[in-house]
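One structure below.
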Amino acid sequence: SQQGEEDPQALSIQEGENATMNCSYKTSINNLQWYRQNSGRGLVHLILIRSNEREKHSGRLRVTLDTSKKSSSLLITASRAADTASYFCATDPNQAGTALIFGKGTTLSVSS
Amino acid sequence: DGGITQSPKYLFRKEGQNVTLSCEQNLNHDAMYWYRQDPGQGLRLIYYSQIVNDFQKGDIAEGYSVSREKKESFPLTVTSAQKNPTAFYLCASSIGGSRGTQYFGPGTRLTVL
């Protein structure tokens, strides 16, 4: 199946800086979701953006979606050490009977 | 205390043995999923079930089997036919189908000795 691709694979920043990670996908979608995974743990849902939405905010998170370019970005503002984790995008393809398709993730390291 | 649980957290298996991973949810979700995660990789779908007594193969179903006899339970059996079973296994559930948020369990790390 066609996965989303996150970019960059790894990102290292200082506390207080902003972190931006990108996701590209190949098929038309119903929605795109971002998840977070701390090392050795399960994934936690962060935000869902529908195909007819262009931008969504949740606390320090800002997600954009450009369906014409088949891409999304996740911005974390004023990063904290506790934001250190892997971040995955997941696309919900516009096809009946399919499940979410996860990308390989971006590993974010925030140092204090 | 609602949520999705997986057990055990760590599991060791000898080559040639079948082993079953447990996944239980009390969220009253219809859909449940099993994913495999290898180091530094994303999630790959093994099986999913959108309703009791029905399930579909995902991208990497070979060597795995599942059952969905109860709404709250979706056990995964890793059979001896799975050639490289050492991985981190994640179970998830969602209210209906794949359209919305998935809620994940804490995972089971399986190691084949």
Side-chain angles (χ1 to χ4, degrees), chain A residues 1-11 21 23-25 27-53 56 58 63 85-109, chain B residues 3-7 9-10 21 23-25 27 29-51 54-61 66 74 87-111:
Chain A
S1 63
Q2 297 174 328
Q3 284 186 320
E5 294 284 338
E6 286 95 340
D7 169 59
Q9 288 187 323
L11 182 59
M21 47 205 92
C23 171
S24 60
Y25 57 92
T27 64
S28 63
I29 60 171
N30 290 307
N31 65 66
L32 184 144
Q33 303 175 34
W34 285 91
Y35 288 81
R36 165 193 169 129
Q37 183 182 34
N38 287 82
S39 182
R41 308 289 292 273
L43 276 70
V44 174
H45 180 262
L46 295 176
I47 198 164
L48 180 153
I49 186 165
R50 303 188 192 285
S51 60
N52 61 353
E53 297 176 310
K56 206 162 183 180
S58 176
V63 169
S86 293
Y87 293 82
F88 296 89
C89 70
T91 52
D92 177 15
N94 192 13
Q95 299 172 30
T98 56
L100 289 181
I101 301 175
F102 285 83
K104 294 185 177 181
T106 292
T107 299
L108 173 65
S109 177
Chain B
I4 180 165
T5 59
Q6 293 184 241
S7 62
K9 188 176 176 70
Y10 298 97
L21 282 60
C23 178
E24 304 276 333
Q25 54 97 2
L27 300 168
H29 286 171
D30 289 313
M32 297 187 74
Y33 313 83
W34 274 105
Y35 295 93
R36 170 181 172 140
Q37 187 178 32
D38 293 285
Q41 299 295 311
L43 277 65
R44 291 187 289 169
L45 183 65
I46 304 172
Y47 270 98
Y48 66 104
S49 168
Q50 297 188 321
I51 197 167
D54 187 43
F55 48 83
Q56 288 79 40
K57 293 182 178 180
D59 300 320
I60 55 166
V66 293
F74 191 40
F88 189 50
Y89 291 87
L90 286 160
C91 180
S93 69
S94 65
I95 290 174
S98 63
R99 299 294 182 246
T101 300
Q102 290 192 9
Y103 295 82
F104 282 81
T108 293
R109 188 167 299 280
L110 173 64
T111 303

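The model shown is predicted, which means the values in this text are computed figures rather than measured ones. Naming convention: chains lettered A, B, ... in sequence-line order (proteins, then strands); numbering from 1 in each chain.
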Students often mix this up, so state it plainly: with edges at 30° and 60°, are the rings of B:Tyr33 and B:Tyr48 parallel, tilted or perpendicular?
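The rings of B:Tyr33 and B:Tyr48 lie parallel, inter-plane angle below 30°.
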Can you tell which part of B:Gln6 gets under 4.5 Å to a heavy atom of chain A, answering side chain, backbone, both or neither?
neither
Per-residue contact mode, B:Tyr35 against chain A (heavy atom under 4.5 angstrom)
side chain
B:Phe74/B:Phe55 aromatic ring centres below 6.0 Å
no
Who among B:Pro106, B:Gly107, B:Ala92 has the most heavy-atom pairs with chain A under 4.5 Å?
B:Pro106
Can you list the residues that meet the salt bridge (Lys or Arg N to Asp or Glu O under 4.0 Å) rule with A:Asp7, with sequence neighbours excluded?
none
Is A:Glu6 in contact with chain B via its backbone, its side chain, both, or neither, using a 4.5 Å heavy-atom distance?
neither
Just jot down the ring-ring contact (aromatic ring centres under 6.0 Å, His included) partners of B:Phe88, sequence neighbours excluded, or say none.
none
